[in-house]
S.K.: 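Sharing a structure here in structure tokens format.
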Amino acid sequence: MTEEIIIAGFGGQGVLSMGKILAYSGIMQNQEVSWMPSYGPEMRGGTANVTVILSDERISSPILTEYDTAIILNQQSMDKFESSVKPGGTLIYDGNGISSPPERKDINIYRIDAADEASKMGLTKIFNMIVLGGYLKVKPLVDLKNVILGLKKSLPDRYHHMIPDNEKAIMRGLEIVEPVHILN
Amino acid sequence: MTEEIIIAGFGGQGVLSMGKILAYSGIMQNQEVSWMPSYGPEMRGGTANVTVILSDERISSPILTEYDTAIILNQQSMDKFESSVKPGGTLIYDGNGISSPPERKDINIYRIDAADEASKMGLTKIFNMIVLGGYLKVKPLVDLKNVILGLKKSLPDRYHHMIPDNEKAIMRGLEIVEPVHILN
Amino acid sequence: MKDELYTDIVKEENLVYKKTSLMTDNILSYCPGCGHGTAHRIIMEIIDEFGIQKDTIGIAPVGCSVLAYDFMNIDMQQAAHGRAPAVATGIKRTWPKKIVFTYQGDGDLAAIGTAETIHTCNRGENFLIVFINNGIYGMTGGQMAPTTLPGMKSSTCPYGRDVDMMGHPLKIAELVALLPGTHLVSRQAVHTPAAVRKTKNIIKKAFEYQLKAKTGTCFVEIVSNCNSGWKMTPVQANKWMEENMFPYFPLGDIKIEGKLVQ
Amino acid sequence: MKDELYTDIVKEENLVYKKTSLMTDNILSYCPGCGHGTAHRIIMEIIDEFGIQKDTIGIAPVGCSVLAYDFMNIDMQQAAHGRAPAVATGIKRTWPKKIVFTYQGDGDLAAIGTAETIHTCNRGENFLIVFINNGIYGMTGGQMAPTTLPGMKSSTCPYGRDVDMMGHPLKIAELVALLPGTHLVSRQAVHTPAAVRKTKNIIKKAFEYQLKAKTGTCFVEIVSNCNSGWKMTPVQANKWMEENMFPYFPLGDIKIEGKLVQ
Amino acid sequence: MAKVKGAIVVDIERCKGCAVCIGACPSEVIDMSAEVNGKGYYYAYMANPDACTGCSNCAIVCPDGIITVYRKKLDT
Amino acid sequence: MAKVKGAIVVDIERCKGCAVCIGACPSEVIDMSAEVNGKGYYYAYMANPDACTGCSNCAIVCPDGIITVYRKKLDT
Amino acid sequence: MGELKLMKGNEAIAEAAIRAGVDAYFGYPITPQSEVIEYLALQKPHETTGMVVLQAESELASINMIYGAAGAGKKVMTSSSGPGISLMMEGLSYIAGAELPCVVVNVVRGGPGLGTIQPAQSDYFQATKGGGHGDYSMIVLAPASVQEMSDFVPLGFDLAFKYRNPVFILSDGLIGQMMEKVELFDFVPRWTEQEIIEKNPWATTGKTPGRERNIITSLYLDPGIQEKHNEKLQAKYRKMKKEEVRFEKIQCDDAEYLIVAYGSSARIAQKSILLAREKGIKVGLFRPITLFPFPFNEIKKMANQVKGILSLELSAGQMVEDIKMAVNEKIKVEHFGRMGGIIHSPAEALEALEQKIIGE
Amino acid sequence: MGELKLMKGNEAIAEAAIRAGVDAYFGYPITPQSEVIEYLALQKPHETTGMVVLQAESELASINMIYGAAGAGKKVMTSSSGPGISLMMEGLSYIAGAELPCVVVNVVRGGPGLGTIQPAQSDYFQATKGGGHGDYSMIVLAPASVQEMSDFVPLGFDLAFKYRNPVFILSDGLIGQMMEKVELFDFVPRWTEQEIIEKNPWATTGKTPGRERNIITSLYLDPGIQEKHNEKLQAKYRKMKKEEVRFEKIQCDDAEYLIVAYGSSARIAQKSILLAREKGIKVGLFRPITLFPFPFNEIKKMANQVKGILSLELSAGQMVEDIKMAVNEKIKVEHFGRMGGIIHSPAEALEALEQKIIGE
Ligand SMILES: Cc1ncc(C[n+]2csc(CCOP(=O)(O)OP(=O)(O)O)c2C)c(N)n1
Ligand SMILES: Cc1ncc(C[n+]2csc(CCOP(=O)(O)OP(=O)(O)O)c2C)c(N)n1
Ligand code: SF4
Ligand code: SF4
Ligand code: SF4
Ligand code: SF4
Ligand code: SF4
Ligand code: SF4
Ligand SMILES: [Mg+2]
Ligand SMILES: [Mg+2]
């Protein structure tokens, strides 16, 4: 199994840490993983993205031009990455701030209104965990218990009190993700 | 014609400027010339030497290991360069401060007591011109008039008042140089 | 206000303030609230007011303001980290009638560029140095600068600057003021209207000197914010700056017309 | 004096002064009368007196004293031009109990090494900097130094230093004295017995501080001669130094135990 | 009596929502919008336009230089 | 009365003839030789040995550190 | 098995430094490697292993701090990128000349000049041929994974002290910024002062009565002695060439074509050879791990087996010169590479192989 | 015929700068090239041609002064040696990246580190392969006489402005310190301000209403743009390789063996081939004048004629790599060279040829 994912959105949306938790989850179940962010000043106020690969084999290139899954959190990223999903692959997006929703017919498309949900829950910081929950629902490649372990590993000790909220957010994400276009 | 000369002595004895005047003299009679000094802090209080080449042809290496003529002005230089005179070549030395005079039998050897002469003349600064005169006597390869021209060219204008003394010194050198050992 | 009234007021003939055309229309690459933008603008306003666009050459540093040339509508050179004063020296010495200024951050000017700063000021190179002191390396993500305050946190002193280990914040303006080569040394800010006006006046003076005669180096420090590096909102950052930076780096003129102000 | 009397006096038991064994027997590479030799010797005498040969590491610069390690009988490192304070920082930070000093000329310390000098002093690195200010680049044949006096001739200012073009002589001791990191800053000389004694006392103090505690950087400037570079005899040079260098670089303590002397 | 009235134009799409202008306004004219612009920032607007005197304080501290100020003498 | 008498030993071959010691001697003991040493330098010597008090001034300013000083109390 | 962690390459270097018993890190921030010093600052190894971490005023200062501490027998390292590394050229030449052991990391970004902060491999010449003045060489290790970022730190120090020579780790923004699983090696205690003195009898640890004073210098005014010194250095470099060549071969046994690539390009190439084999083209990957000493002989051998070689580098073509020198026109050798921070995709690399090498 | 003078190589460079209408020299003293700035200081060209001469606080400062003045369209140069040149690596990379014309002179001394001040040729790699970071190249001219020290200054500026690229003059302590007869070329007036603006429309001479603002930068944050920029640079370098190769052949027509040597070694070799021919051995001398672009093709051609090549360099063997790349094992290529300031004698060089090349 190899899963190649891009997560893309604004800086500040927790894109990088979401990728990190996912990668750590992979390690928890003995997979090979890689996590490659965009970096540098273009991140300042701009967009951020990270490529995460989970695999049972040694990972070759950590940089990709096409992905099994794209998780997209703003319009700029949609413009940039919609076309990079492999035919038959998956695109998950947060509807908030998306002015032109994805139109491809050769991929599976899911929508998760995580931003709205997060503010409803009064926990805007765990927005990204809701999205992660949505992803895990759609692609249950890692065990939930490993995700929780990954979460623990990737959070510094001083933030461990936030784990329950994060768990809650993931569970919520599992519930609210919605298919938009499914291949049959 | 190619003449390869080393002039060696203490720093401060005018070794470099003597070489320079010789080289300029060569230019005055349309020869190719090169002048290559030892340089650097080992000169500080130590020895100085310069290799001068006069030639009718394009000069190849400005650095040599053997010389047609060696002009030697202290014992250290004698120790270093006596053996570098080509067989059949010429060695000219100032007797002052030489504790072991040259002993080679396969070269022409001349002695010129220029230091003594200079202090006798009350003109210690033109010591090197006396030596030059001696050389010109032994190896009349450049015309005296070109030497005077060379002298003018190589002295900055502000020192031109010293030319008569220099000329006098050269003339004196022509007179006082003495053969020590001559090949037949 | 009624819409009609509004449209009545918003008319060319009623214009009282508008961004100078010497600022390009490119969107500033700075974080929201960052003082770099204001500092840029007042310099460009002065150049505009003096009508010296065609005579002015600016030097951008390495730091957040590395892209200053995208925003300032004048001829500019981007200099290696810390070397803007040397670059400016090269220009001013060979084009003595041009008006030259450098624009540098605290890492650039007071860390890696210390030797160039000191020697440029010591030679009294006849140009203006604008020094943006925000107490941090903004561009590279908030590392400690020579001007980071004692106890202040940064990514390379996450437990606060320990002056015993890392030294005290460097007051480089006070140092260069001691050099005979400097003509004007002043420390200002740009976070309030009053501060902006004052700073603009000082910088204007510096340009005037350079336009008139060879007087020596003018050095204007602007104590500024870096809300990203400090991890605050812009408004918090400005407040924090007043409360913490200004006591250590007191605003005011340090040297005027070659004389120390005391 | 009768020969018998002479031999009667010249006996081991009557010895009152002898070159310390911490100076090697190598012949000094310095020109006749050059102050470098004296400066070397007093440092070695102090190390001898404190019995800290085994704990001391010296840093030689690039300059005439580049070969200091040939003369000082202690462990030494030769540093790149201007970087001796950085080299010393590397040593002292990793061997905090060793006694460390740099020995640098004015070109080394106050031109190319300005940034390292300022930042080392600003961090208060806990070692001694001995700074030989002879107003010229001795080693490379007498070029202008940052400390060359106004009007003074050198091979790169053969018509005299023109301060308008080349800047004023840099008083770096006064600059580093302003930095909180320096504990002792003093300017001395070594051309007379009295000067030597005074300088030795100051340097001794600096070693004492370092032996006792972490106090900060000690910076001792020695205004010295360069008769080769100045094109004078040694005796003329010392006189010229008194008449010309001392007025510009006045001797005396500038900062003692962290406090400016006024 | 002639009264001076001011007005500002904020280039909304370039506003970064830093709110520095708010504190600079002596007349408490400005506030941040409830909605975000295309860049995702809440932007400044004249919440209390009647109070504006056209003093330009807001404009000269706006780091992005995106406030234009007008002023007119009104006859009352 | 006990009189203190001094004497110096100059390492002639290492002397560079700088003459700095001459001026340092309060008792005008030292002068430069008429001959040069092996390095070509005129060297310092006790021209007026009786005057030497062994004060060491010459030695501590000798840049080359080549003067050794002795002192003895003589009974007169 | 050692502790498993998900780390950035830059963090792995820093963690490895702490674990390897490094005595000090001196550095100056620059993207894309500032995480090295940031990680160290956060970990405060001063309070655990006693390792010193100091932000210098510049790269010039940091490389000379390295010189000082290394000369005093300590295990020290620094890291930087492009412009900062260029500023270290004088210092590196001194370090090599004075024969001091240390580890220097370059997390390469695109140049020349200020360039871009995105990954590149355009500092190969600088690292392998000597960007500083004079005849000197450094062992250059090229990690291709976060694991190797960690492992090459202790290896680097072993080699540095074995040869009394700087060891250079030539990484890049991709390897530095990516996270992967790393197995961390166990903590090695820092050398005690006594151990330092015993292991490095040449170091300036203070002259004790028993020995001559130790001198660290690269100055030899007498050309005769300087030449002897240079000959000694050259002998050392020859020994490295004999004993320290390291490389990895992937699917080379049956290969008809070869990609030679190091570091991040080797990662890309790994995928390219998979894609090639899916298409039925037998491509192997030869990955030099030491760029100096370069695996000339091994590549020469491969040239007897394969029909052509593509050098894949994030540069205008630098390593390709060494490959050409190894292969000597026996078979076709071409370069393909993107520049300026653009990273070639695996597919693109394969396409280049097909067009430039297999093509005709 | 121009004025004839006896001059040091270093003085010839300085005099040529004044005559070539150079606008400014910025530099810092270092042996064996301090005569360049000393000569200029003495001549006071400021009072005649208006040329600016300034002693900078360091080589870092001087190379960045060059950057500034060159960016403003002026003809500027600097010179240094070994350690000082290494300190310029960042600046040179910036200058190349920002495409600025200037002339930089290295009067090479023995390294590494502080080394010796005697002549050497061990900075060949640094000059030709890029000692700074990133993919860049400079035209490298290697003078072998005082005359060429003079002539290569105007030539260097012509090439620098033609390509908007730094030109490097790789000399050494021998050529710098020796005096020879030079024929001085006539004074060329400095460009007027108007000429500068017209000839260098890209320079920062002040934005006039008629044109867009001019920007001098080497920063391209967007990798796509950076790559385009790099491609433009590479195209320029390819053009240089095509159009700017310069070399000299001496007694090559009937040569059975070849010495390849540049600069001072070429002078030594000239004598060696005389000695060889006295012994009846037909040796020719191939002297690359441009080290970048290197005369690969011409040497390749010579490899069809001669039986073996000796690369004679005052180094551990650097240019020999380029020769090997040119020759590709067709014939034997060996290096001979002394190091550390020792200069091979003509006889020694010939002996090396006999042993290493003719020998078996
Ligand atoms: C030689 C070199 N070293 C380091 C860097 C990395 N760098 C870029 S900007 C910067 C510091 C910027 O801080 P500052 O000058 O304070 O400007 P600010 O961003 O705060 O405005 C550093 C260290 C570089 N580009 N070049
Ligand atoms: C990087 C570098 N630049 C220049 C030099 C040449 N250089 C050697 S010593 C020196 C100046 C020495 O002057 P100073 O520091 O005053 O010492 P002094 O000889 O006067 O005691 C210079 C410029 C060098 N070795 N390295
Ligand atoms: S990082 Fe700091 S200095 Fe840079 S733009 Fe943002 S706020 Fe301004
Ligand atoms: S050149 Fe000057 S500083 Fe150097 S040894 Fe001679 S007198 Fe002393
Ligand atoms: S112009 Fe003055 S009154 Fe009007 S909004 Fe701006 S600051 Fe307030
Ligand atoms: S200061 Fe400018 S950018 Fe900031 S909120 Fe006000 S208008 Fe917007
Ligand atoms: S010891 Fe004193 S009295 Fe004797 S010679 Fe020396 S200075 Fe003169
Ligand atoms: S001071 Fe020393 S070197 Fe100088 S003359 Fe006296 S004894 Fe000789
Ligand atoms: Mg800053
Ligand atoms: Mg000096």
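Lettering of chains follows the sequences in order, A, B, ..., and the numbering in each one begins at 1.
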S.K.: Arg14(F) side chain to Leu28(D) main-chain N or O, any donor-acceptor pair under 3.5 Å?
M.R.: no
S.K.: Going through the distances and angles, do Leu5(D) and Leu74(F) end up as a side-chain contact (heavy atoms from CB on, under 4.5 Å)?
M.R.: CA-CA 10 Å; Leu5(D) 179 53; Leu74(F) 297 180; 3.6 Å; yes
S.K.: Can you see which heavy atom on Met46(F) is nearest to which on Tyr6(D), and at what distance?
M.R.: CE-CE1, 3.2 Å
S.K.: Would you say Tyr42(F) has more than 12 foreign heavy atoms packed within less than 6.0 Å of its OH?
M.R.: no
S.K.: How far apart are the closest heavy atoms of Gly33(D) and Cys18(F), and which atoms are they?
M.R.: N-CB, 3.2 Å
S.K.: Does any backbone or side-chain atom of Cys55(F) lie under 4.5 Å from a heavy atom of chain D? Answer side chain, backbone, both or neither.
M.R.: backbone
S.K.: Pull out the residues in residues 184-211 of chain D that come under 4.5 Å of chain F, heavy atom to heavy atom, sorted by number.
M.R.: His191(D), Thr192(D), Pro193(D), Val196(D), Arg197(D)
S.K.: Is Ile8(F) close to chain D through its backbone or its side chain, or both, or neither, when contacts mean heavy atoms under 4.5 Å?
M.R.: backbone
S.K.: Please identify each residue that fulfils side chain to side chain contact (heavy atoms under 4.5 Å, CB included) with Ala88(D), with sequence neighbours left out.
M.R.: Ile59(D), Val100(D), Thr102(D), Phe127(D)
S.K.: Quick one: of Asn57(F), Val61(F), Ile60(F), who has the most non-hydrogen atom pairs under 4.5 Å with chain D?
M.R.: Ile60(F)
S.K.: What do the steps show when you test Leu15(D) against Thr68(F) for side-chain contact (heavy atoms from CB on, under 4.5 Å), and what is the final call?
M.R.: CA-CA 8 Å; Leu15(D) 183 74; Thr68(F) 310; 3.3 Å; yes
S.K.: For chain F, which of His40(D), Arg41(D), Lys11(D) has the most heavy-atom pairs under 4.5 Å?
M.R.: Arg41(D)
S.K.: Atom SG in Cys34(D), atom NZ in Lys16(F): separation rounded to 0.5 Å?
M.R.: 8.0 Å
S.K.: Using heavy-atom distances under 4.5 Å, tell me whether Asp8(D) contacts chain F through its side chain, its backbone, both, or neither.
M.R.: both
S.K.: By number, which residues in residues 17-26 of chain D have some heavy atom less than 4.5 Å away from chain F?
M.R.: Tyr17(D), Lys18(D), Lys19(D), Asp25(D), Asn26(D)
S.K.: If you count heavy-atom pairs under 4.5 Å between each of Gly54(F), Cys62(F), Cys58(F), Cys15(F) and chain D, which one has the most?
M.R.: Cys62(F)
S.K.: Are there residues of residues 19-32 of chain F whose heavy atoms fall under 4.5 Å of chain D's heavy atoms? If so, which?
M.R.: Ala19(F), Val20(F), Ala24(F)
S.K.: Starting at CD of Glu12(D), measure out to OH of Tyr70(F) and round the result to the nearest 0.5 Å.
M.R.: 6.0 Å
S.K.: Can you check side-chain contact (heavy atoms from CB on, under 4.5 Å) on Ile9(D) and Lys72(F), steps first, answer last?
M.R.: CA-CA 6 Å; Ile9(D) 302 174; Lys72(F) 192 176 180 182; 4.3 Å; yes
S.K.: Is atom CD of Glu35(F) surrounded by more than 12 heavy atoms (other residues, nucleotides or ligands) closer than 6.0 Å?
M.R.: no
